[in-house]
Amino acid sequence: MSTEQEEIGNLTQLLQEQFPGAVQSYHQHRGDETVLVERSQILPICQFLRDDERSKMEMMIDLTAVDYIKESPRFEVVYHFKSLSLEHRIRVKVRVPEEDCEIDSIHELWLAVDWYERECYDMYGIIFKNHPNLQRILMYSQFEGYPLRKDYPIGRQQPLVEMRPVNERHDYGEL
Amino acid sequence: MGVETQFQDGFMTTTIDSVVNWSRKFSLFTYPFVTACCGMEYMAAACSHYDISRFGAEIPRFSPRQADLLFVVGTITHKMAPVLKLIYEQMPNPKWVIAFGACASSGGFYQNYSVVQGIDRVIPVDTYIAGCPPRPEAVLDAIIELQNRIQDRGPQGISGINPNQEEKVIPKARESKENLLLSRQ
């Protein structure tokens with residue numbers, strides 16, 4: 001891992017030149033680069049990755065988040081981009097603190113990101129600023145809390161209809 | 001035996017209930033409420049290899065108003081539960097419900113924020129099929145089990161014509177031991 005840390009990839013180097021100080025850490029594994037960047041710089045960085053001739057990320061592959069409940073800042077938003085013409089990929093990570101849980105939306109750069117950001121908001125409660133329609137996408141609107149946060153109680157269910165009483169199922173009698 | 005001896009061959013006596021239940025059990029119109037991977041196994045059971053049409057249950061009706069047997073095939077989430085309840089309420093009486101597979105019966109391995117822990121928390125269920133997914137033989141077994149139930153109890157099964165009414169125990173010719181003994185004598 002330490003040797004990989006020293007070796008700097010082309011895209012990482014490009015980002016470091018364009019946005020001095022914005023890349024907080026980086027590594028690469030089997031030719032795929034990962035950068036951890038500053039939260040305030042995410043929109044210009046994504047714009048650069050999409051438009052620059054040496055990067056040309058035409059495709060937004062994935063957007064998700066990770067809840068590191070014991071760390072601070074608590075959340076990490078993860079973007080995956082791919083360049084179809086230059087055939088390379090990059091993973092961009094951004095740390096988001098719990099108390100100020102928001103980040104700029106990048107839906108103007110890739111339209112496909114719309115639903116990914118809604119899902120991320122639905123599951124983790126991360127607010128994407130300037131998103132055109134930031135509503136729950138998987139869960140129902142009456143749902144309270146964010147189910148993929150590690151502090152959501154694992155057995156907590158929020159039924160929409162009244163649950164009928166049933167007999168206890170796990171009684172196998174005397175064995 | 002009985003009044004049949006007064007007629008020629010080719011006559012038999014029975015009760016209206018028995019005949020009506022007999023026709024009910026061999027003309028089950030199913031509504032497949034398919035939400036997950038169990039649907040593949042339902043298709044296998046419905047197609048010609050296993051062929052539930054041998055038991056009179058071959059026509060899937062994709063309108064609940066034309067169906068009397070609700071197959072709940074797959075995982076039911078809390079978001080889907082109101083839809084399932086509505087579908088069930090749209091079905092005309094008498095009606096029956098089969099919970100197909102582990103998820104429909106008990107939630108399966110999804111014990112989390114989104115999945116109903118068995119559809120009997122939402123609607124009454126007559127027959128449960130175990131398995132993840134169940135084999136088609138298990139489906140056929142469940143249909144035969146349900147048919148026996150319909151023959152014995154008529155529309156007053158668990159989810160029958162009036163779910164609030166207590167189940168009436170009416171001894172039927174088919175299983176009543178006394179009748180069996182009488183017919184042998």
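Keep in mind the model is a prediction, meaning the values are calculated, not measured. Every chain is numbered from 1 and lettered A, B, ... according to where its sequence line falls, protein lines coming before strand lines.
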Counting only heavy atoms not in B:E89, do more than 12 sit closer than 6.0 Å to its CD atom? yes
Same cluster or not: A:M123 versus A:Y140, using hydrophobic residues (I, L, V, M, F, W, Y) connected whenever any side-chain heavy atoms lie under 4.5 Å apart? yes
Closest heavy-atom pair and its distance - B:P82, A:V161: CA-CG1, 3.8 Å
Are A:L148 and A:W115 co-members of a hydrophobic cluster defined by side-chain heavy atoms under 4.5 Å apart? yes
Select one option (side chain, backbone, both, neither) describing which atoms of B:K79 are under 4.5 Å from chain A's heavy atoms. both
Tell me whether the count of non-hydrogen atoms from other residues, nucleotides or ligands lying under 6.0 Å of CZ in A:R89 goes above 12. no
NZ of A:K70: more than 12 outside heavy atoms within 6.0 angstrom? no
For the hydrophobic clusters of this structure (ILVMFWY residues joined by side-chain heavy atoms under 4.5 Å, transitively), does one cluster hold both A:L109 and A:F81? yes
Counting N and O atoms only, with roles assigned by atom type, does the side chain of A:R164 sit under 3.5 Å from a partner on the main chain of B:D120, one being a donor and the other an acceptor? yes
Following the transitive rule for hydrophobic clusters with a side-chain heavy-atom cut-off under 4.5 Å over Ile, Leu, Val, Met, Phe, Trp and Tyr, establish whether B:L146 and B:W22 coincide in one cluster. no
Out of curiosity, A:M163 CE to B:R121 CZ, how far, rounded to the nearest 0.5 Å? 6.5 Å
Is A:E108 atom CD crowded by more than 12 heavy atoms from other residues, nucleotides or ligands, each under 6.0 Å away? no
With chain A as the partner, which of B:V116, B:T77, B:I123 has the greatest number of non-hydrogen pairs under 4.5 Å? B:I123
Taking heavy atoms only and a threshold strictly under 4.5 Å, list by residue number the residues of residues 131-142 of chain B that touch chain A; give 'none' if the list is empty. none
Rounded distance [0.5 Å steps], CZ in A:F143 versus OG in B:S114: 8.0 Å
Cluster check A:F19, A:V23: I/L/V/M/F/W/Y, side chain < 4.5 angstrom: yes
Do A:Q157 and B:H78 pair up side chain to side chain, a donor and an acceptor below 3.5 Å, judged on atom types alone? yes
Please assess B:N112 against A:I154 for the test side-chain contact (heavy atoms from CB on, under 4.5 Å), listing each intermediate value before the final yes or no. CA-CA 6 Å; B:N112 60 14; A:I154 194 157; 5.9 Å; no
Should we count CG of A:N10 as having more than 12 external heavy atoms under 6.0 Å? no
Side chain, backbone, both or neither: which part of A:E162 has a heavy atom under 4.5 Å from chain B? backbone
